2 protein chains.
Amino acid sequence: MKVDEIDLKILKILQQDGRLSNAEIAERVALSPSPCLRRLRRLETEGVIQGYRPQLNRQVVGLGMTVFVQVKLHDHSAESVTGFEDAVREMDAVVNAHTVSGSADYLLEVVAEDLIDYDRLVKQMQRLNMVREIESNFALQAVKTEAPLPLKL
Amino acid sequence: MKVDEIDLKILKILQQDGRLSNAEIAERVALSPSPCLRRLRRLETEGVIQGYRPQLNRQVVGLGMTVFVQVKLHDHSAESVTGFEDAVREMDAVVNAHTVSGSADYLLEVVAEDLIDYDRLVKQMQRLNMVREIESNFALQAVKTEAPLPLKL
DNA sequence: TTTCTTTTGGCATTTAATGCTTTTGTTTGA
DNA sequence: TCAAACAAAAGCATTAAATGCCAAAAGAAA
């Protein structure tokens with residue numbers, strides 16, 4: 001799918017405030033509401049916009065602990081890989097997960113209420129038999145979170 | 001600020017779709033629209049909801065490369081720390097940044113168009129004189145991204 | 001129970017979303 | 001160059017939602 005300049009403008013505006021009304025977006029991109037809404041819907045339908053999320057204050061909702069977890073597996077067999085990835089997708093505390101280059105196989109971002117809660121999660125992960133090693137790096141301070149993507153133009 | 005059960009329900013619903021109308025949210029939490037909107041506005045005003053973001057398909061918008069970057073500084077003097085953190089906040093390619101426990105001082109999530117683009121960013125970071133060491137871990141595959149936070153109840 | 005406080009509901013008004021039709025603008029091709 | 005064909009935007013009427021105000025209900029405190 002092709003994303004033209006106006007589409008990019010719409011995306012940039014939405015990244016500033018993902019709940020702006022179509023009417024407001026339309027005004028800012030100098031279109032009337034109907035073509036603007038058509039564009040927005042198309043961006044959603046075509047999967048350029050995959051959804052909308054509120055940015056929650058994790059402290060306030062009781063998830064003040066963020067941990068970056070590096071995981072190594074024993075092997076990369078299909079069973080191990082899909083087994084681990086399915087498990088990760090099931091774990092609600094894991095909010096981001098990627099396979100990565102470097103010494104670890106996976107890098108996860110995990111949220112927890114506190115150390116006790118986090119400990120439960122690590123133990124749960126250790127019980128997965130394809131997991132060889134887990135290294136936890138605790139987020140101490142957020143310098144920048146969920147910044148908008150730097151869209152060209 | 002206190003977040004009661006209904007507020008949590010509202011947050012959970014919004015995490016499913018951050019652009020749902022207040023009318024729809026109201027119906028799902030079994031309130032009439034006006035008190036529901038008051039609650040939503042309060043969550044926003046009080047900073048429980050810090051904003052709304054569209055989840056963009058990074059591939060489509062030309063930012064298909066995600067890199068997790070571990071940075072070590074030469075020292076932890078106030079000048080080094082604030083200098084580095086200010087620089088990071090200025091770099092649009094850095095979408096997340098935390099200080100972390102472990103051998104690195106910072107863990108950054110960086111987006112780039114391609115390796116050339118990423119190289120520019122690394123060089124820019126290397127020019128910061130408080131930076132001692134940079135280790136890049138390239139995201140190879142996304143297993144889970146921006147999952148909703150596991151809110152209690 | 002009475003009073004005070006907080007929250008909800010109802011309603012009228014203003015805005016916005018939506019679907020359809022018309023208009024405008026562009027590209028193509030004789 | 002002009003006309004035909006196509007794509008995108010604008011206009012508009014209708015439906016739905018947001019908003020602000022005031023009355024009613026539910027809770028808490030005395």
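Remember, predicted model here, so these are calculated numbers, not experimental data.
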Please state how far atom [atom1] in [X] lies from atom [atom2] in [N], giving the value in whole angstrom units.
{"X": "A:E24", "N": "C:dA16", "atom1": "CD", "atom2": "P", "answer": "8 Å"}
{"X": "A:L31", "N": "C:dG25", "atom1": "CG", "atom2": "P", "answer": "14 Å"}
{"X": "A:N22", "N": "C:dG19", "atom1": "CG", "atom2": "C1'", "answer": "13 Å"}
{"X": "A:D7", "N": "D:dA8", "atom1": "CG", "atom2": "C1'", "answer": "12 Å"}
{"X": "A:L20", "N": "D:dA17", "atom1": "CG", "atom2": "C1'", "answer": "16 Å"}
{"X": "A:R41", "N": "C:dA17", "atom1": "CZ", "atom2": "P", "answer": "8 Å"}
{"X": "B:E27", "N": "D:dA18", "atom1": "CD", "atom2": "P", "answer": "12 Å"}
{"X": "A:R28", "N": "C:dA16", "atom1": "CZ", "atom2": "P", "answer": "12 Å"}

Which one, [options], comes nearest to the side chain of [X]?
{"X": "B:S21", "options": "C:dT8, D:dA17, D:dA10", "answer": "D:dA17"}
{"X": "B:S34", "options": "D:dA9, C:dG9, C:dT8", "answer": "C:dG9"}
{"X": "B:A23", "options": "C:dA17, C:dG9, D:dA17", "answer": "D:dA17"}

Sugar-phosphate only, base, or nothing, as touched by B:R42 at under 4.0 Å among non-hydrogen atoms: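 Nothing: the residue B:R42, judged by heavy atoms under 4.0 Å, touches no strand.
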
From B:L37 atom CG to B:R41 atom CZ, the distance as rounded to the nearest 0.5 Å: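 Here the interatomic distance stands at 4.5 Å.
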
Side-chain N,O (B:R39) to OP1/OP2 (C:dT7) below 4.0 Å: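 False: B:R39 side-chain N/O out of range (4.0 Å or more) of C:dT7 OP1/OP2.
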
Flag, side chain of B:K9 to backbone of B:A30, donor-acceptor distance under 3.5 Å: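 The answer is no, because no donor-acceptor pair under 3.5 Å joins these two groups.
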
Backbone N/O of A:V143 and side chain of B:E85: donor-acceptor pair under 3.5 Å: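 No: the side chain of B:E85 does not pair with the backbone of A:V143.
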
5'-most by nearest nucleotide on DNA chain C - B:D4 or B:R19: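 Mapping each residue to its closest nucleotide by heavy atoms, the 5'-most match is B:D4.
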
Aromatic ring pairing B:F138/B:Y118, orientation class (parallel under 30°, perpendicular over 60°, tilted between):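 It falls in the perpendicular class, over 60°.
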
Residue pair A:M130 / A:G83: nearest heavy atoms and the distance that separates them: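 Closest heavy-atom pair between A:M130 and A:G83: CE-C, 3.7 Å.
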
base_contact_polar (D:dA8 base, A:R38 side chain, donor-acceptor, <3.5 Å):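 In this structure, the two groups form no donor-acceptor pair.
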
